[in-house]
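Numbering of residues begins at 1 and proceeds along the displayed sequence.
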Amino acid sequence: MSLVNLANVCSHLQNASKARLGLTSIPSTNQNLALALSLQKAGFLSTVTRGGPQPPLLLTPTSLPHATDDAAAAEATVTQENVASRRLWLGMKYWNNEPVLSEMKSESKPKKRVMVGFRELERIVRGREAKWVKGLTRPGECLFLSTDRGVMEARDCVERRIGGLVLCRAF
């Protein structure tokens with residue numbers, strides 16, 4: 001993942017949650033999809049949907065697409081012409097009228113990639129600092145890493161005893 005694109009995604013999601021948006025979109029890349037699915041698994045996002053430049057249709061009983069609806073089928077088909085316009089549509093989550101994702105920032109920068117091993121990650125998860133990364137001290141705080149097994153949360157990496165590139169922190 002380009003760390004510049006990661007910083008854009010982090011700031012976009014933070015701004016969308018502070019603006020109280022219900023649905024927002026980011027560019028559709030494999031790394032963005034893996035990060036969005038990890039955020040959804042951690043409980044920060046309600047939905048993750050791949051779509052086109054327009055928001056996906058809400059599937060209510062009155063607006064279900066019919067088999068003869070060619071516009072919906074054409075939008076769902078990925079071709080060489082429309083692959084650059086594909087978006088990930090993310091449903092933001094709120095609890096008691098407050099955004100669940102209150103802050104999200106990238107930890108690794110393009111000039112300073114932070115790689116952590118299993119031992120350093122154990123210290124970070126327990127709330128202590130290691131390799132220029134502050135520990136997880138807030139309730140519900142998550143740290144996401146890019147590993148050889150995909151994008152994972154720090155606590156999952158500690159359970160599996162693997163390290164990786166620190167991507168971002170969300171709380």
K.L.:
Is the backbone of Gly91 close enough, under 3.5 Å, to the side chain of Thr47 for a donor and an acceptor to pair up by distance?
P.N.:
yes
K.L.:
To the closest 0.5 Å, what do you measure between CG (Leu143) and SG (Cys157)?
P.N.:
8.5 Å
K.L.:
Distance from Arg113 atom CZ to Met115 atom CE, nearest 0.5 Å?
P.N.:
9.0 Å
K.L.:
Would Ile26 and Leu37 show up in the same hydrophobic cluster when neighbours are defined by side-chain heavy atoms closer than 4.5 Å?
P.N.:
yes
K.L.:
So which pairs with a foot in residues 123-133 pass salt bridge (charged side-chain N to carboxylate O under 4.0 Å, His left out), sequence neighbours left out?
P.N.:
none
K.L.:
Is it true that Leu165 and Val133 fall in one hydrophobic cluster, defined by side-chain heavy atoms closer than 4.5 Å?
P.N.:
no
K.L.:
Enter the distance from Leu167:CG to Leu3:CG here, rounded to the nearest 0.5 Å.
P.N.:
7.0 Å
K.L.:
Is there a side-chain contact between Thr24 and His12 in this structure, where contact means two heavy atoms from C-beta onward sitting under 4.5 Å apart?
P.N.:
yes
K.L.:
Mind listing the closest non-hydrogen atom pair of Pro110 and Val4 along with its distance?
P.N.:
CG-CG2, 3.7 Å
K.L.:
For Leu45, is there any backbone N or O sitting under 3.5 Å from a side-chain donor or acceptor partner on Gln40?
P.N.:
no
K.L.:
Among all residues two or more places apart in sequence or in another chain, which pass the side chain to side chain contact (heavy atoms under 4.5 Å, CB included) test with Lys109?
P.N.:
Ser106, Lys112
K.L.:
Within the 4.5 Å heavy-atom criterion, are Tyr94 and Val100 side-chain neighbours or not?
P.N.:
no
K.L.:
Taking salt bridge (charged side-chain N to carboxylate O under 4.0 Å, His left out) as the cut-off, I'd like each qualifying pair that reaches into residues 28-37, sequence neighbours left out, listed once.
P.N.:
none
K.L.:
Give the C-alpha distance, both sets of side-chain angles, the deciding distance and a yes or no for side chain to side chain contact (heavy atoms under 4.5 Å, CB included) between Gln31 and Ser2.
P.N.:
CA-CA 9 Å; Gln31 196 73 19; Ser2 168; over 6 Å; no
K.L.:
Could I get the full list of side chain to side chain donor-acceptor pair (under 3.5 Å) partners for Arg87, not counting sequence neighbours?
P.N.:
Ser25
K.L.:
Is Leu39 reachable from Trp95 through a run of I, L, V, M, F, W or Y residues, each pair having side-chain heavy atoms under 4.5 Å apart?
P.N.:
yes
K.L.:
Within the 4.5 Å heavy-atom criterion, are Glu107 and Lys105 side-chain neighbours or not?
P.N.:
yes
K.L.:
Does Ser108 use its side chain to pair, donor to acceptor, with the backbone of Val166 at less than 3.5 Å?
P.N.:
yes
K.L.:
Answer yes if Trp89 and Phe44 sit in the same cluster of Ile, Leu, Val, Met, Phe, Trp and Tyr residues linked by side chain heavy atoms under 4.5 Å apart, and no otherwise.
P.N.:
no
K.L.:
Side chains of Met152 and Glu159: closer than 4.5 Å at any heavy-atom pair?
P.N.:
no
K.L.:
Please find the pair of heavy atoms, one from Pro55 and one from Leu23, that lie closest to each other, and give the distance.
P.N.:
CB-CD2, 4.0 Å
K.L.:
Salt-bridged, Asp156 to Lys41, with N to O below 4.0 Å?
P.N.:
yes
K.L.:
Does any part of the side chain of Ile124, heavy atoms only, come nearer than 4.5 Å to the side chain of Val116, both counted from C-beta?
P.N.:
yes
K.L.:
Among residues at least two apart in sequence or on other chains, which ones pass side chain to side chain contact (heavy atoms under 4.5 Å, CB included) with Glu141?
P.N.:
Leu136, Thr137, Arg138, Arg169, Phe171
K.L.:
For Leu101 and Ala170, which heavy atoms make the closest approach, and how far apart are they?
P.N.:
CD1-CB, 3.7 Å
K.L.:
Using a 4.5 Å cut-off on heavy atoms from C-beta on, say whether the side chain of Val125 contacts that of Glu122.
P.N.:
no
K.L.:
Mind checking whether Arg20 and Met92 have side chains closer than 4.5 Å, heavy atoms only?
P.N.:
no
K.L.:
Out of curiosity, Asn32 CG to Leu88 CG, how far, rounded to the nearest 0.5 Å?
P.N.:
6.5 Å
K.L.:
Could you check Leu35, Val151, Leu145, Leu13 and say which one makes a side-chain contact (heavy atoms from CB on, under 4.5 Å) with Cys168?
P.N.:
Leu35
K.L.:
Just to verify, what does Arg155 make a side chain to side chain donor-acceptor pair (under 3.5 Å) with, not counting sequence neighbours?
P.N.:
Glu153
K.L.:
Report the distance from atom OG of Ser17 to atom CD of Glu98, rounding to the nearest 0.5 Å.
P.N.:
10.5 Å
K.L.:
To the nearest 0.5 Å, how far apart are SG in Cys10 and CG in Asn15?
P.N.:
11.0 Å
K.L.:
Is there side-chain contact between Phe118 and Ile162, with at least one heavy-atom pair below 4.5 Å?
P.N.:
no
